[in-house]
Amino acid sequence: MPPIPDVATVGDALSVVVPTWSDGAREVKTAVCWVRRDLRASDHRALAEATRAARQVAVVFVYDTTILGELNDRADKRVTFIHRSLDDLDLALKGRLLTAIGDPCAVIPKLAHELGAEAVFANHDDDPYALRRDARVKEELAKDGRELRTFKDHVVFERAEVATAGGTPFRVYTPYARAWRAQLSARDVEACVPDLEKVGAPTTQSARAGNHTLSDVGFQEATIWLAPGSTGAKSRLDSFLARIGDYGSLRDDADTDGTSGLSVHLRHGTLSVRECVRACLGAEGEGSSKWLAELIWREFFHMVLSQMPWVVNEPFQPAYHDVDWPGSQEHFERWREGQTGYPLVDAAMRCLNETGWMHNRLRMVVAMFLTKDLLVDYRKGEVHFAEKLLDFELSSNNGGWQWCASTGADAQPWFRIFNPVTQSRRACPKGDFIRRWCPELRDCDDEQVHWPHKSGLFAGQGYVAPIVDHAVQREKALAFHKAVNRR
DNA sequence: TGAAGTTTTCA
DNA sequence: GAAAACTTC
């Protein structure tokens, strides 16, 4: 039985459960628009709904001390990115952004009370922590007779909107992607345009006008390589669209700037995913379709997390529950520090640790190396990525790691194991990326750089000897997975 | 979104 | 004797 749509179904044979984007429009006098992972002022669903429904809107961001308290690094790059993106948002709002520091469960209801706002508008955040937080905020607001109205914004199709004919979640990417594409209509990616004239900056006790300083928040400025805010997102999107035709052929080359480089912006909502999809639909050629496939992977993993949230703690594939991964702590640490003796793996890990970014292809290579060559529990790698990646998104990170570990939705067949040296020749043919991050190998030629050990020429230059033999580890991994799947 | 080992094909 | 095709994990 297909699920019964609980929102208006638009008169278009393609759409299944597509809310029309005006259902938040019941009128109120004053509204709060609470921004979280949607740090922009254009094509913003909650802000558009708020400015449509209310005569005046206060836009607020809360530096969430619960989340910030868990960060170890006082110079966390993500906090710097968010802080500078809020400066950019404040500019877009002509200096009318409000910010606060604290527990949103207390701050948001207090602010709504001070402003006499009947409703708080926000976009869905389906991470488990955010769902609990928003449920509490809603409860607190309700005590006072106020509403929390939330909207889809972060993805084109959320939660159960793309499902099998039987109404169950897809468990494999390819049929999901087919259904996703078939379901897409122009309406799904229509821009949500807010009326910024209605945004005001009232004086309140619980939030201040303008951005706090980073030191108010308890952090220091970190070095980040990308331009923050929707200004940065816009220029990156423009430069990517100029070369999207080459995306199909260059996206797996670590020596080249061939990927979109937009993941950080999509994570923090400094860019609207609808705008990305509109750009895809407007572009010719294979590149844009390939990129759309990547955006659909993001939506797929969002769906998996929201429909099967236990994947946060447990493998998607039940066969892997309660297995003991035999990898050692020592091997994990060598992997984490980029000291495995496999040049591409080491270069990629050092790049991650230093910059907070890693090429998509290399994420697969290092994840495969940790889980297959070293047989370390994928969750240890997942946590390291979560700490380091500027674009860290729970759903994509978890999905990607489980995919590589062969425990996930759309599982890699467990016998599919990358050869890190073959992958190196393919993903890094010029070797420049390796030479940049492994200076020990700077004098290696284009062939030696992928596997410098057999020549013996570089023994004295300080590059670490390989910690394992891939051929041997491959056999161990095959035996391990065979045993797990036979249980 | 594999790799490796073996067999077959074609010059 | 290389390259393509096929098989296995």
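Throughout, protein chains are lettered first and strands after them, A, B, ... in sequence-line order, and every chain is numbered starting at 1. These numbers were taken from a predicted model, which means no experiment stands behind them.
Relative ring orientation between A/Trp357 and A/His359 is described as perpendicular, the plane-to-plane angle rising above 60° on a 0-90° scale split at 30° and 60°. Ring orientation note: the planes of A/Phe61 and A/Tyr63 are nearly perpendicular, at an angle over 60° on the 30°/60° scale. Between A/Tyr247 and A/Trp291, the two ring planes are perpendicular [angle over 60°; tilted spans 30° to 60°].
Atom CZ in A/Phe415 sits roughly 11 Å away from atom C1' in C/dT7 (whole-Å rounding). For the pair A/Ile417 CD1 and C/dT8 P, the computed distance is 18 Å after rounding to whole Å.
Closest approach of A/Pro228 to A/Ser85, counting heavy atoms only: CB-OG, 3.5 Å.
Read 5' to 3', the first and last nucleotides of DNA chain B with an atom closer than 4.0 Å to a heavy atom of chain A are B/dT1 to B/dA4.
Contacts of A/Glu475 with the nucleic acid, taken as non-hydrogen atoms under 4.0 Å apart, are absent.
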For this session: Let me see the working for A/Asp257 and A/Arg236 under salt bridge (charged side-chain N to carboxylate O under 4.0 Å, His left out), right down to the final yes or no.
Result: CA-CA 12 Å; A/Asp257 188 17; A/Arg236 180 74 199 181; 3.0 Å; yes
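Of the residues in residues 356-372 of chain A, those with a non-hydrogen atom less than 4.0 angstrom from any atom of DNA chain B are A/Arg361, A/Met364.
A salt bridge does not link A/Lys234 with A/Asp88: none of the charged nitrogens is closer than 4.0 Å to a carboxylate oxygen.
Between A/Phe151 and the choices A/His124, A/Arg45, A/His44, the side-chain contact (heavy atoms from CB on, under 4.5 Å) rule is met once, by A/Arg45. Each of A/Glu49, A/Glu161, A/Glu299 was evaluated against A/Lys152; a single residue qualifies, A/Glu161, per the salt bridge (charged side-chain N to carboxylate O under 4.0 Å, His left out) test.
Aromatic ring centres of A/Trp180 and A/Phe157: separated by under 6.0 Å.
When only modelled atom types and interatomic distance are considered, A/His384 and A/Asn353 share a side-chain donor-acceptor pair under 3.5 Å.
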Problem set entry | Nucleotide-level pairing of DNA chain B, given in dot-bracket where Watson-Crick and G-U pairs need both distances under 3.5 Å and | marks other strands | .|||||||||.
